[in-house]
Amino acid sequence: MTRNIPEKPGLEGLEAKWDARWAAEGTYSFDRSKTRDEIFSIDTPPPTVSGSLHMGSVFGYVQTDTHARYRRMAGKEVFYPMGWDDNGLPTERRVQNYYGIKCDPSLPYDPDFEPPDEPHDPPMPVSRRNFVDACHVLTVEDEKVFEGLWRALGLSVDWTQTYATIDHHSRRTSQKAFLRNLARGEAYAQEAPVLWDVDFRSAVAQAELEDRERPGSYHRVAFHKPDGGSIHVETSRPELVCSCVALVAHPDDDRYQDLFGSTVTSPLFGVVVPVVAHELADPEKGTGVAMICTFGDTTDVTWWRELDLATRSVIQHNGRFQEETPDWLSGAGEEVYKEIAGLYPNQARRKMAELLTESRDLIGEPEQITHQVKFYEKGERPLEIVTSRQWYIRNGGRDDDLRKALLARGAELEWVPEFMAVRYQHWVDGLNGDWLVSRQRFFGVPIPIWYRIDDSGGVVYDRPLIPDESDLPIDPSTDVPKGYVESSRGEPGGFVGDPDIMDTWATSSLTPEIAGHWDNDPDLFERVYPMDIRPQGSDIIRTWLFATVVRGHYEHSELPWRSATINGWILDPDRKKMSKSKGNVMTPAPLLEEYGSEAVRYWACNGRPGVDTAVDLGVIRIGRRLAIKILNASRFALGFSGDVDPANITEPIDRSMLGGLSQVVGQATDAFERFDYARALEITERSFWSWTDDYLELVKTRAYGEGHEAASAQATLQVGLSVYLRLFAPFLPFVTEEVWSWWREGSIHRASWPSTDEFEGLVIDSAILEITSQVLSAVRRVKSDAKVSMRAEVESVSITTDDSGIEHLRQGESDLRAAARAERVGYSIGEFSVDAVLAEG
RNA sequence: GGGCGGUUAGCUCAGUCUGGCAGAGCGCUCGCCUCACACGCGAGAGGUCACAGGUUCAAGUCCUGUACCGCCCACCA
């Protein structure tokens, strides 16, 4: 093969050149004729395309790409698809802001509607179908931006294997799996209290909650006993006195024994409520008596359910107190309620505090506190609890046997790093309800269900109308169930579609099925499922990972993957978690532009598996330096016309270098098998630098010479370079491919991973090179101390070492003399030391 | 309140599983335009391994406890 080595090799333009070449040659295309045991399949995380691009977007993906590239070179056919998570609330919010539109499901579809070029202000209401269309338009644009970044980064994805969580195939898969859950009794609908975001007007699931510290105050409020006495409760939500259904104390609390079973009346409203006993009441908190309201917090829900209490809800889905006076209030209570009707809870709270003060039912001043309040993770106001009809998938939160089975699945999974396993256990252990999968939103996969409407106009929920699997996907708001006509929609005797969509996790929990085409290509699915790895962040173990395990457990009775590789967080250079609100988000594009993809990849690969990592320009610069070093060292190693026949490798120091290199190959391979890409890189890099600093310097003079000694050096340089390039290829795909192309046919990324077999019969003890390098280093120190050039001539080098050291050094002596520019080398036995006498002048 | 991870050189981090002379890079200092590379090369200085106790011939590494940082979870009246 003719060599085509540039005079001044550089990194610029390599990304574009090789991305285009790989695409044209199908370097990463998946060969589906391979069988399951020949395939390595990756359940790639579909990035949220409506989210911003930041360094977190490159970190985990680059790490995963190293696994893909290693396995591919190690002989596996790699199934490496890419998905886009475009359904759900993040997209809705982005579309609302981008176009200045909002969805109003009551509006009719406007076929002529075009999303505006400039955002509308105030937001323009559009029909659900127009809104969803706008979502599709924008997500396609967003996906192009993401694909551009991934390609610039050199992800070895098969770009023909892509999916979007809102596309036809994903909707079909999602609805099919849901209907199967329903048929097997794993999914069910229930009218029940749910956590509710009043801004998004949607229920949210336990997995989407976060606690935030908020100021509040404890109000001590008097309830009245029949004998004229009073009993005090402490509450941070006095506005809910009107929805109080009972007071509760601990059954063993001596102070309240004679009250259990009696009734008291609420202040101002005069509603009679029972005093009940329950273990969850904490005698240490407040007065030991708590007010149970429907519903102030999740404990209220527990009490309400377990004690079978009345329901007195006043907060509506829009977050306000209902306008009409509740029917359990009468007399003076009605007048009091009018004061808070229509208010938001925080307004009602202030009003109630005033009224309770006037009526002397507020005891003392409210005590200012900060407490944890539940929020939807994407929300801005505290969650309320409202009663509504929702769909659930059983997840063990209410069933111990199922919980145990899912815990066993987690234990079966290989976690990388191992300690991540407990995060799964704790989450499953702590579940307190089933998985709420319905959302009252617009851009998502619809719940594929209709309901009959009886002759009096009531919706019949208990016998839903289910579509045939072959008709999926459907949208029950526009499609019509078999045996009905569109004109009977919403009419007595007709039907109505379930208005809700599924939670985004209800679809993305099926990424193995979506990417592997469970629905429409069982042959492919069998070749890739269960997948080998699920790479993802630790923050979504409780959502994406757990939900995927649940779906796999139900649908296939097995784990969806063998291993979960969990990556860490990205922190900004000050080690703060990056977030848009802090304004410290770094976008990758300028870094890719300035330092190149290899440098950014190098940084990502330096982050240990599962370890939070700061963006560090210093590390990025080292990556760039390494890539440039590879170019230059390669130019040297390939700069001879010599024959690469390994039979030419005869010199002991050359064979010794291969001895060390074969150990490096073994260690890097072991590290990759354990998914420790960072260790593999570290080992390779350390070895490579000593290769260029010491080995290359030692053999340089000989390599420029003639005869069989020169041929040995030239052949060894090429063999060594070939190994180093392949070891680096998973990390630095562009520069290694570039150099490979200088003298090899085909892509390095389809070349075989180096193996110790390659040096069979050539390898000897690495100690020869190691001790020779040590002596060379010692001579350099002498020159450095004397502040002379490394080219300075040395009269003699005196080495003291043991027998085997001398034996080893003699075998590399001529190279040492050439590299050190030493006239003579002398040896003596003893403690290791090196002395060098510089030549005169 | 429970749990997980971390604390090693000025900085960023390896090393802890499996105990055996404290490591790398950056930065700093001093040199060197050495025919692959000045986008470079060589050399040097720099550490009470968070703290306290224990096991051991030997502890950064194993055990117990403490402090601080980060994260997760919790029924937060």
Side-chain angles (χ1 to χ4, degrees), chain A residues 5 8-11 209-211 213-214 216 218-219 221 233-237 240 247-249 278-282 285-293 296-303 369-374 417-423 425-427 429-430 432 538-539 541-542 568-569 571 573 575-577 603 606-608 610-619 621-622 624-639 678-679 682 685-686 689 692-693 696-697 700-701 704 717 776-792 819 821:
Chain A
I5 304 171
K8 264 280 186 192
L11 296 175
L209 303 184
E210 69 183 32
D211 289 345
E213 284 218 329
R214 283 293 178 272
Y218 286 148
H219 302 69
V221 175
V233 302
E234 206 156 75
T235 178
S236 59
R237 303 202 62 180
L240 292 177
L247 300 189
V248 64
H278 194 280
E279 316 254 317
L280 280 181
D282 183 352
K285 282 185 185 156
T287 62
V289 184
M291 182 170 81
I292 305 177
C293 307
D297 62 31
T298 52
T299 318
D300 282 344
V301 177
T302 307
W303 282 325
I369 51 152
T370 30
H371 58 165
Q372 301 285 320
V373 181
K374 284 198 191 305
E418 270 175 53
F419 66 78
M420 291 293 179
V422 300
R423 301 200 183 189
Q425 287 162 21
H426 287 170
W427 175 252
D429 274 333
N432 54 30
S538 58
D539 53 326
I541 289 173
R542 63 179 184 168
W569 282 109
L571 310 171
R575 300 205 61 71
K576 300 264 170 37
K577 192 171 149 182
W603 160 78
N606 257 272
R608 255 53 199 181
V611 173
D612 295 350
T613 302
V615 175
D616 187 338
L617 289 182
V619 175
R621 287 192 194 100
I622 297 162
R624 181 173 172 82
R625 195 166 74 108
L626 174 62
I628 292 169
K629 191 75 173 181
I630 289 172
L631 287 175
N632 286 315
S634 301
R635 206 173 85 82
F636 169 72
L638 299 176
R679 166 64 82 185
E682 184 192 358
E685 188 187 4
R686 191 173 45 214
W689 281 109
T692 60
D693 292 346
L696 260 53
E697 293 301 329
K700 190 178 278 182
T701 308
Y704 279 123
L717 283 169
L776 176 61
S777 188
V779 176
R780 284 169 178 159
R781 188 176 309 122
V782 171
K783 293 182 182 178
S784 194
D785 289 348
K787 303 195 173 181
V788 297
S789 158
M790 289 299 138
R791 284 201 308 179
R821 298 188 176 256

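Order of the sequence lines sets the chain letters (A, B, ...), proteins ahead of strands, with each chain counted from 1.
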| B:C26 versus B:G70 - spacing of their C1' atoms, nearest Å | 24 Å
| task | Looking only at side-chain atoms of A:V611, point me to the closest of B:C75, B:A14, B:G44. | result | B:A14
| task | Ignoring the backbone of A:D785, work out which of B:U12, B:A14, B:A43 is nearest its side chain. | result | B:A43
| said: Do A:I622 and A:E685 make a side-chain contact, defined as non-hydrogen atoms from C-beta onward lying under 4.5 Å apart? | reply: yes
| Separation of the C1' atoms in B:C63 and B:A9, to the nearest angstrom | 28 Å
| Separation between the C1' atoms of B:U66 and B:U29, rounded to whole Å | 40 Å
| request: Please determine, for the side chain of A:R679, which listed nucleotide (B:G3, B:G15, B:C75) has the closest atom? | output: B:G15
| query | How long is the span from the CG atom in A:D211 to the NE2 atom in A:H371, to the nearest 0.5 Å? | reply | 11.0 Å
| Pairwise C1' distance, B:C28 and B:C68 [rounded to whole Å] | 29 Å
| Between P of B:A38 and CZ of A:R624, the distance in whole Å | 14 Å
| field | Gap in Å between the two P atoms, one belonging to B:G15 and one to B:C57, rounded | value | 29 Å
| message | Starting the side chain at C-beta, find the nucleotide from B:C76, B:G40, B:C37 nearest to A:K285. | response | B:C76
| field | Base-pairing mate for B:G1 - Watson-Crick or G-U, with both contacts under 3.5 Å | value | B:C73
| Nucleotide forming a Watson-Crick or wobble pair with B:G42, both distances under 3.5 Å | B:C30
| note | For A:E210, the side-chain hydrogen bond (donor to acceptor under 3.5 Å, both in side chains) test, sequence neighbours excluded, returns A:R212
| request: Could you tell me whether the phosphate oxygens of B:A43, OP1 or OP2, come under 4.0 Å of any side-chain nitrogen or oxygen in A:S777? | output: yes
| Pairing partner (Watson-Crick or G-U wobble, both distances under 3.5 angstrom) of B:G60 | none
| task | Please determine if a side-chain N or O atom of A:K374 lies less than 4.0 Å away from the OP1 or OP2 oxygen of B:C75. | result | yes
| remark: Which of B:G70, B:C26, B:C30 is nearest the side chain of A:K787? It is B:C30
| query | Taking the P atom of each, how far is B:G46 from B:G5, in whole Å? | reply | 35 Å
| said: Need the pair for B:A24. Rule: Watson-Crick or G-U wobble, both distances under 3.5 Å, any strand; none if unpaired. | reply: B:U12
| query | What is the base-pairing partner of B:C35, counting Watson-Crick and G-U wobble geometry with both distances under 3.5 Å? | reply | none
| Considering every strand shown, what is the Watson-Crick or G-U wobble mate of B:U66 when both distances are under 3.5 Å? | B:A50
| Out of B:G42, B:A74, B:G40, which nucleotide sits closest to the side chain of A:D693? | B:G42
| Considering only B:C75, B:C73, B:C30, which nucleotide approaches the side chain of A:W427 most closely? | B:C73
| field | Salt bridge flag under 4.0 Å for residues A:R608 and A:E682 | value | yes
| said: The side chain of A:R791 is closest to which nucleotide in this list: B:G15, B:G40, B:U34? | reply: B:U34
| query | Between B:C4, B:G3, B:A43, which nucleotide gets closest to the side-chain atoms of A:F419? | reply | B:C4
| query | So, the side chain of A:H278 versus the backbone of A:L280: is there a donor-acceptor pair under 3.5 Å, distance only? | reply | yes
| Contacts of type side-chain contact (heavy atoms from CB on, under 4.5 Å), residue A:N632, not counting sequence neighbours | A:P9, A:I628
| task | For B:A22 versus B:A58, give the span between their P atoms, rounded off to a whole number of Å. | result | 15 Å
| task | May I ask you to verify if any side-chain N or O of A:R621 is less than 4.0 angstrom from the OP1 or OP2 atom of B:G27? | result | no
| query | Nearest nucleotide by nearest heavy atom, which residue falls closer to the 5' end of RNA chain B, A:V619 or A:K783? | reply | A:V619
| Which whole number of Å gives the distance between the P atom of B:C21 and that of B:A38? | 39 Å
| message | What's A:V233 touching, base or sugar-phosphate or nothing? Going by heavy atoms closer than 4.0 Å. | response | nothing
| message | Nearest to the side chain of A:R781, heavy atoms from C-beta on, is which of B:G3, B:A43, B:A14? | response | B:A43
